[in-house]
Novice: 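Quick one: this structure, given as structure tokens, is what I'll be asking you about.
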Amino acid sequence: MPMDFQILDADYQIVNGSGPVIRLFGRGADGKSVCCFVPDFEPYFYLKASGDLHAVARLIKDTFEQVQKVEIVKKFEPVGYQKTKKEILRITTRLPRDVPEIRDEILKIRDVLGAEGDWQIYESDILFRNRFLIDRDLGGMVWVSVEGKSVEPPRYFRTGPAGSSLRENFACDSAILASGLKRVESLAIAPLKYLAFDIECLPHDGGMPSPDVSPIIMISFSFEPAYNGHKTLILLAKPAAGMDGDVIPCRDETEMLNRFFEIICEYDPDIVAGYNHQDFDIPYITDRVKTLIAKGEVINPVVGRDGSQMGYRRFGLITRTELKGRVVVDALPLIRRAFSLKQYTLRVVSKELLNREKLDVAPMEMEEYWNDSGDKFKKFVDYSRRDSELAMELVLELRLLDKYIALAQVSGSLLQEIVDGGQTSMVENLLLREFRRKDRVILPKPGDELSSERYDMSSDLKGGEVLEPKKGLLENVLILDYKSLYPTIMMAHNLCYTTVVNRDRPDGETIKPPSGGEFVPPEVFRGIVPSILEDLLNQRGDTKKRMKRASDENECRVLDATQLALKILLNSFYGYSGYARARLYSLTLANAVTSFGRSNILNTREIINNTIGKIVLRGSAALLLEEAGELSSQDKIVELSVAYGDTDSVFVHCRSGGDISLEEISLVGNRLSEIVSASLPDPMELEFESVAKRALLIAKKRYALWLFEPKNSGWENKIKVKGMETVRRDWCELTSITLNRVLELVLIEGDVDQAVEHVRKVVNDVRNLDPGRDAELIEKLVLTRTLTRKPDSYKNKQPHLTVVENLRTRTGIMPSIGTRIPFVIIAGKGLFVERAEDPDYVREHNVSIDVDYYIKKQILPPVERILGVFGVKMSSLDFDSKQKGLFDFEVNKPEVKTQEKEKASSQKELEGMVQEEKLQCPENGRVEQRSLFDF
DNA sequence: TGATCTACCTAC
DNA sequence: TAAGGTAGGTAGATCA
């Protein structure tokens with residue numbers, strides 16, 4: 001009877017005498033975990049050689065006993081348009097590890113033969129499990145239906161209680177030796193089991209714990225679904241009485257660790273979650289176990305579905321953990337990628353994203369709490385339990401994995417690879433599949449030398465065009481943008497590695513991008529990348545259609561994740577082509593894409609400003625001047641000019657003698673989208689996105705819009721801020737809330753006076769700051785910056801470095817790279833950087849804040865950039881003296897086109913809506929999920 | 001003191 | 001076996 005399961009992980013095993021056997025690990029639709037053995041898949045790679053290929057083949061076969069067979073096959077080479085395939089060798093080895101082993105040796109054959117010409121190895125560095133998945137059209141989180149016979153699952157051994165003899169167990173529920181395997185199309189997700197855990201260590205004097213001396217004293221678990229009725233469990237490294245039913249006291253640390261591994265194996269989770277456990281808990285446990293074993297303790301750290309032990313490897317700054325057959329999901333990096341927050345400590349993240357409090361025990365107090373047997377001890381236990389609960393909730397409630405599961409299904413990469421890595425593995429996976437189908441081989445990954453050579457060249461890659469903004473406050477601005485600009489450019493112009501003209505010349509015309517280079521048109525050869533993109537785009541369209549039909553909420557979520565994954569993949573190909581470590585790197589290709597993009601946006605501006613110029617509104621029609629013919633007094637003429645644009649967007653300023661309603665502007669928007677789209681090659685499309693009733697353009701990449709979007713039967717409005725200090729995390733919260741208020745007053749109320757008044761009040765509050773009382777205000781003065789490298793590799797002093805240094809000398813704690821460091825600027829003499837201080841330290845020691853810095857450097861400059869537009873000057877400010885008038889605003893009554901009284905009716909209408917629909921400024925509202933790159 | 005460089009973060 | 005891309009604004013340190 002065939003059995004269906006979803007592929008979670010894959011690897012291979014060497015079976016004595018019969019070569020490699022692929023193992024697929026997964027969870028069945030029936031809820032059982034599976035290990036599926038697939039025999040008869042052989043490792044291979046390709047060699048392009050010169051001379052008599054038969055002779056080369058024979059020599060290779062005779063020289064290397066690892067080589068099973070050498071065949072001559074016809075393939076296209078990776079890059080460049082080619083009229084015909086070329087004969088190359090396909091070399092099959094006995095074991096996967098033979099491939100890298102003989103890869104370099106094999107080039108020596110060339111010297112033996114004294115052959116002239118180019119030899120090149122292809123596809124020798126593809127992991128065997130990936131090779132299998134690609135060749136069999138399988139992939140991560142894909143469903144398979146397998147036929148075969150039941151066999152015994154992998155086993156593991158572990159110590160029993162109190163030093164009893166070794167006990168043997170199966171590492172997963174079932175195993176099957178496959179005789180037939182086929183892909184099943186389904187977006188369903190198997191009933192996955194989630195386990196989250198967190199450890200507590202007992203450090204020396206509250207400093208950093210070290211696994212060779214500091215014991216692990218508690219481990220907490222969280223389970224979904226429950227484990228023997230428990231949602232959580234807490235293991236203690238000491239006996240204890242009077243604890244609740246989720247607490248398991250152990251004799252000592254060794255017994256606790258054995259229980260830990262036992263519970264993991266028994267529960268048999270698919271997903272092992274934690275918060276920073278990839279970098280901390282897992283390495284710590286691994287090292288601690290080693291330390292204890294070295295002392296003679298008996299611990300068997302089994303965690304894998306094949307009976308393998310826990311382990312980790314460090315690559316430079318990155319730690320990789322592998323739990324065979326399972327997926328390690330660290331919520332920290334996923335949250336960093338998905339949400340823009342000022343800090344990513346579990347405390348801040350839980351509060352911001354789950355609105356849940358982390359319980360806390362200060363490192364200095366841990367020892368006391370641990371040795372207590374009353375309330376303090378219980379508090380410590382609860383603190384530990386809460387941490388694993390939070391890790392689990394972050395993963396499940398924020399649905400952090402949905403996107404990654406969809407990406408695995410769509411790209412074919414294994415889930416772990418996607419969760420750990422970037423876009424490279426997904427793009428390469430798709431490329432390998434499609435190149436294989438079209439008989440084209442792919443290059444190996446570039447070495448360090450080639451990569452850095454490419455990296456030096458990559459300054460030759462030009463990016464998008466940013467139009468100079470028409471600075472100031474504008475009314476009635478249309479926002480249009482190109483849907484998936486770069487992918488559609490590649491499709492429209494057949495831009496691909498396989499169409500670039502660099503060896504064979506096609507007969508007819510070629511496509512010539514503005515950046516130079518030549519590409520063959522699709523009639524001559526349809527590029528592989530454009531065809532992949534087309535497929536992804538079609539799939540996305542279908543998915544969106546299915547989403548509209550879907551009634552089930554869960555189905556809708558899965559489909560939404562799928563269309564999002566498709567969008568991410570669509571947008572990954574351009575970046576990959578200019579990425580120095582890509583297998584397929586082509587500056588010609590990348591430059592062709594961006595150059596079409598630049599000329600496109602410039603063309604669009606030209607068409608709107610000059611070719612179209614004006615639109616006539618007549619009834620519900622938006623007409624070109626030539627369509628309108630004779631104009632009547634009923635007609636409304638809208639004059640168009642592009643006020644700004646960045647890469648794939650244009651902001652069109654609409655002016656007319658009288659008022660224009662949102663509906664009327666929308667008519668213009670739709671018409672523009674129609675006209676411009678019609679002038680573009682398929683599938684490029686300029687989309688009408690939204691209308692800004694008012695737009696404040698400050699500089700390139702810095703603006704605020706009062707946006708109106710159609711919603712149900714009315715309009716939904718909100719302020720959207722880009723690039724300004726309100727959305728920047730290296731400014732303090734006081735700056736963002738003040739600026740947000742100013743923007744509201746200016747954009748919605750059109751009331752500059754009130755904005756000035758507001759700023760005056762804020763400045764006054766700061767000036768009269770009383771550090772003892774205004775803890776809340778101080779909270780709003782905290783700045784944060786990312787520690788981006790090792791402290792000694794900075795050339796200039798930096799404020800957050802000062803804080804890191806202070807922290808290190810005071811507590812011995814060294815934040816890791818990537819951590820956001822909070823600080824405030826304290827009063828005193830000397831450089832700004834030297835006056836940065838840890839906010840906690842400031843609070844505890846009542847250090848005074850540099851009030852002047854906050855007023856002059858944090859509040860006023862950003863405010864001035866906005867209010868300056870209305871002629872508000874703050875030149876005559878003298879903050880150092882404590883005189884009467886703190887400062888004088890010179891308000892040149894702005895000719896605020898915004899305050900025209902005659903608009904009373906529409907104005908009132910708008911204000912009504914504002915009250916209904918509360919403003920969603922990023923800092924005030926719920927934290928928004930970070931959006932994607934999307935050109 | 002003004003010009004240049006370094007660092008960070010953001011828009012797309 | 002680490003990592004998609006470029007364009008751009010702003011602040012502060014450092015250089016000349």
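In what follows, chains are A, B, ... by sequence order, proteins preceding strands, each numbered from 1.
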Novice: Shorter than 3.5 Å, N or O on both sides, protein versus nucleotides 8-10 of chain C: list them out with atom names.
Specialist:
{"unit_1": "C/dG8", "atom_1": "OP1", "unit_2": "A/Lys700", "atom_2": "NZ", "d": "3.1"}
{"unit_1": "C/dG9", "atom_1": "N2", "unit_2": "A/Arg728", "atom_2": "NH2", "d": "3.3"}

Novice: Round to the nearest Å and state the distance from A/Gln858 atom CD to C/dG12 atom C1'.
Specialist: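 For the pair A/Gln858 CD and C/dG12 C1', the rounded distance is 13 Å.
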Novice: With a 4.0 Å cut-off on heavy atoms, is A/Thr424 in touch with a base, just the backbone sugar-phosphate, or nothing at all?
Specialist: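 Here A/Thr424 touches the backbone only, sparing every base.
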Novice: What nucleic acid atoms does A/Thr786 come within less than 4.0 Å of, heavy atoms only: base, sugar-phosphate, or nothing?
Specialist: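 Sugar-phosphate contact only - A/Thr786 comes under 4.0 Å of backbone atoms but never of a base.
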Novice: Taking only Lys NZ, Arg NE, NH1 and NH2, and the carboxylate oxygens of Asp or Glu, determine whether A/Glu352 and A/Lys342 approach each other closer than 4.0 Å.
Specialist: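 A/Lys342 and A/Glu352: not salt-bridged.
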Novice: Pick base, sugar-phosphate or nothing for A/Tyr644, based on heavy-atom distances below 4.0 Å to the nucleic acid.
Specialist: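 Contact class for A/Tyr644: none.
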Novice: Between A/Arg583 (CZ) and C/dA2 (P), how many Å, whole number?
Specialist: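 Taking CZ of A/Arg583 and P of C/dA2, I get 13 Å after rounding.
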Novice: Could you check how far CG of A/Asn591 sits from P of C/dG5, rounded to whole Å?
Specialist: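 Rounded to whole Å, this separation is 14 Å.
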Novice: Taking salt bridge (Lys or Arg N to Asp or Glu O under 4.0 Å) as the test, write out the residues that go with A/Glu428, two or more places apart.
Specialist: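 Counting only residues at least two positions away or on another chain, A/Glu428 forms a salt bridge (Lys or Arg N to Asp or Glu O under 4.0 Å) with A/Arg583.
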Novice: Classify the side-chain pair A/Ser413/A/Asn429 by whether it contains a donor and acceptor separated by less than 3.5 Å.
Specialist: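 Yes, A/Asn429 and A/Ser413 have a side-chain donor paired with an acceptor closer than 3.5 Å.
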Novice: So A/Tyr703 and A/Phe651, ring pair (Phe, Tyr, Trp, His ring centres under 6.0 Å) or not? Walk me through it.
Specialist: CA-CA 11 Å; A/Tyr703 59 86; A/Phe651 292 17; 5.0 Å; yes
Novice: Donor-acceptor pairs under 3.5 angstrom involving side-chain atoms of residues 459-471 of chain A: please list them, not counting sequence neighbours.
Specialist:
{"unit_1": "A/Ser459", "atom_1": "OG", "unit_2": "A/Asp456", "atom_2": "O", "d": "3.4"}
{"unit_1": "A/Lys470", "atom_1": "NZ", "unit_2": "A/Ser641", "atom_2": "OG", "d": "2.7"}

Novice: Tell me the side-chain hydrogen bond (donor to acceptor under 3.5 Å, both in side chains) pairs involving residues 782-802 of chain A, sequence neighbours left out?
Specialist: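 For residues 782-802 of chain A, and leaving out neighbouring residues, the side-chain hydrogen bond (donor to acceptor under 3.5 Å, both in side chains) pairs sorted by first residue read A/Thr784-A/Arg820, A/Arg785-A/Gln798, A/Thr786-A/Arg820, A/Thr788-A/Tyr794, A/Lys797-A/Glu834.
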Novice: CZ of A/Arg337 versus P of B/dC9: gap in Å, rounded?
Specialist: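 Result: 18 Å.
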Novice: What contact category does A/Arg729 fall into here, base, sugar-phosphate, or nothing, at under 4.0 angstrom with non-hydrogen atoms?
Specialist: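 A/Arg729: backbone/sugar contact only, no base atoms under 4.0 Å.
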Novice: Within this structure, what is the CD1-to-P distance between A/Ile821 and B/dC8, rounded to whole angstrom?
Specialist: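 Distance check: A/Ile821 CD1 to B/dC8 P gives 11 Å.
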Novice: Would you find a donor on one side and an acceptor on the other, under 3.5 Å apart, between the side chain of A/Arg835 and the backbone of A/Ala827?
Specialist: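 Here the side-chain-to-backbone pair does not exist.
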Novice: Provide the full list of side-chain hydrogen bond (donor to acceptor under 3.5 Å, both in side chains) pairs with a residue in residues 312-326 of chain A, sequence neighbours left out, each pair given once.
Specialist: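 Of all non-adjacent pairs touching residues 312-326 of chain A, those that pass side-chain hydrogen bond (donor to acceptor under 3.5 Å, both in side chains) are A/Asp11-A/Lys324, A/Asp268-A/Arg326, A/Gln278-A/Thr321, A/Asp279-A/Thr319, A/Asp287-A/Tyr312, A/Arg314-A/Thr319.
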Novice: What pairs with A/Arg454 under salt bridge (Lys or Arg N to Asp or Glu O under 4.0 Å), at least two apart in sequence or on another chain?
Specialist: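 If we apply the salt bridge (Lys or Arg N to Asp or Glu O under 4.0 Å) test to A/Arg454, skipping adjacent residues, there are no hits.
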Novice: Check the distance between C/dA3's C1' and A/Arg336's CZ and give it to me in whole angstrom.
Specialist: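 Between C1' of C/dA3 and CZ of A/Arg336: 15 Å.
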Novice: Hey, does A/Lys720 reach any base, or is it just sugar-phosphate, or nothing, if we go heavy atoms under 4.0 Å?
Specialist: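 No contact.
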Novice: How is A/Val833 classified with respect to the nucleic acid when contacts are heavy atoms under 4.0 Å: base, sugar-phosphate, or nothing?
Specialist: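 Sugar-phosphate, no base atom in range.
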Novice: Counting the atoms with a prime plus P, OP1 and OP2 as sugar-phosphate, which does A/Arg598 contact under 4.0 Å by heavy atoms, base, sugar-phosphate, or nothing?
Specialist: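 Nothing: the residue A/Arg598, judged by heavy atoms under 4.0 Å, touches no strand.
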Novice: Please list all pairs passing the salt bridge (Lys or Arg N to Asp or Glu O under 4.0 Å) test where one or both residues lie in residues 587-603 of chain A, with sequence neighbours left out.
Specialist: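 For residues 587-603 of chain A, and leaving out neighbouring residues, there are no salt bridge (Lys or Arg N to Asp or Glu O under 4.0 Å) pairs at all.
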Novice: Would you say B/dA7 has OP1 or OP2 under 4.0 Å from some side-chain N or O of A/Arg789?
Specialist: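 True: A/Arg789 side-chain N/O within range (under 4.0 Å) of B/dA7 OP1/OP2.
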Novice: Under a 3.5 Å distance rule, please check whether A/Ser451 uses its side chain to pair with a backbone N or O of A/Gly447 as donor and acceptor.
Specialist: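 Yes, the answer is positive, given that a donor and an acceptor are paired below the 3.5 Å cut-off.
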Novice: Let's see if you can work this out: which of B/dA11, C/dG12, B/dC8 has an atom nearest to the side-chain heavy atoms of A/Lys722?
Specialist: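 Looking only at heavy atoms from C-beta outward on A/Lys722, the closest nucleotide is B/dA11.
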Novice: Please check this pair: side chain of A/Arg729 against backbone of A/Leu341, looking for a donor-acceptor N/O pair closer than 3.5 Å.
Specialist: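 Yes.
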Novice: Ignoring backbone atoms, test whether A/Thr647 places a side-chain nitrogen or oxygen under 4.0 Å from the OP1 or OP2 oxygen of C/dA7.
Specialist: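 Answer is no, no contact under 4.0 Å.
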Novice: In whole Å, what is the span from the CG atom of A/Leu587 to the P atom of C/dG5?
Specialist: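 These atoms are roughly 12 Å apart.
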Novice: Any side-chain N or O of A/Thr788 less than 4.0 Å from the OP1 or OP2 oxygen of B/dC8?
Specialist: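 Yes, A/Thr788 has a side-chain N/O under 4.0 Å of OP1/OP2 on B/dC8.
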Novice: Got a sec? Which of residues 453-463 of chain A come in under 4.0 Å of DNA chain C, heavy atoms?
Specialist: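 Those residues whose heavy atoms fall under 4.0 Å from DNA chain C, taken from residues 453-463 of chain A in numerical order, are A/Ser458, A/Leu461, A/Lys462, A/Gly463.
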Novice: According to ring-ring contact (aromatic ring centres under 6.0 Å, His included), who are the partners of A/Phe832, at least two apart in sequence or on a separate chain?
Specialist: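 ring-ring contact (aromatic ring centres under 6.0 Å, His included) list for A/Phe832, sorted by chain: A/Tyr853.
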Novice: Does CZ belonging to A/Arg97 count more than 12 external heavy atoms closer than 6.0 Å?
Specialist: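 No, not enclosed.
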Novice: Pull out every stem in DNA chain C, meaning runs of 3 or more consecutive Watson-Crick or G-U wobble pairs with both distances under 3.5 Å.
Specialist: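 Runs of three or more consecutive pairs: B:1-12 with C:5-16.
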Novice: For DNA chain B, which residues in residues 794-802 of chain A have a heavy atom at a distance below 4.0 Å?
Specialist: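 Within residues 794-802 of chain A, the residues near DNA chain B are A/Tyr794, A/Lys795, A/Asn796, A/Gln798, A/His800.
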Novice: Kindly write out the residues that satisfy salt bridge (Lys or Arg N to Asp or Glu O under 4.0 Å) with A/Arg702, not counting sequence neighbours, or none if the list is empty.
Specialist: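 Residues passing salt bridge (Lys or Arg N to Asp or Glu O under 4.0 Å) with A/Arg702: A/Glu725.
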Novice: Nearest-Å distance, CD1 (A/Ile479) to P (B/dA11)?
Specialist: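 A/Ile479 atom CD1 is separated from B/dA11 atom P by 15 Å.
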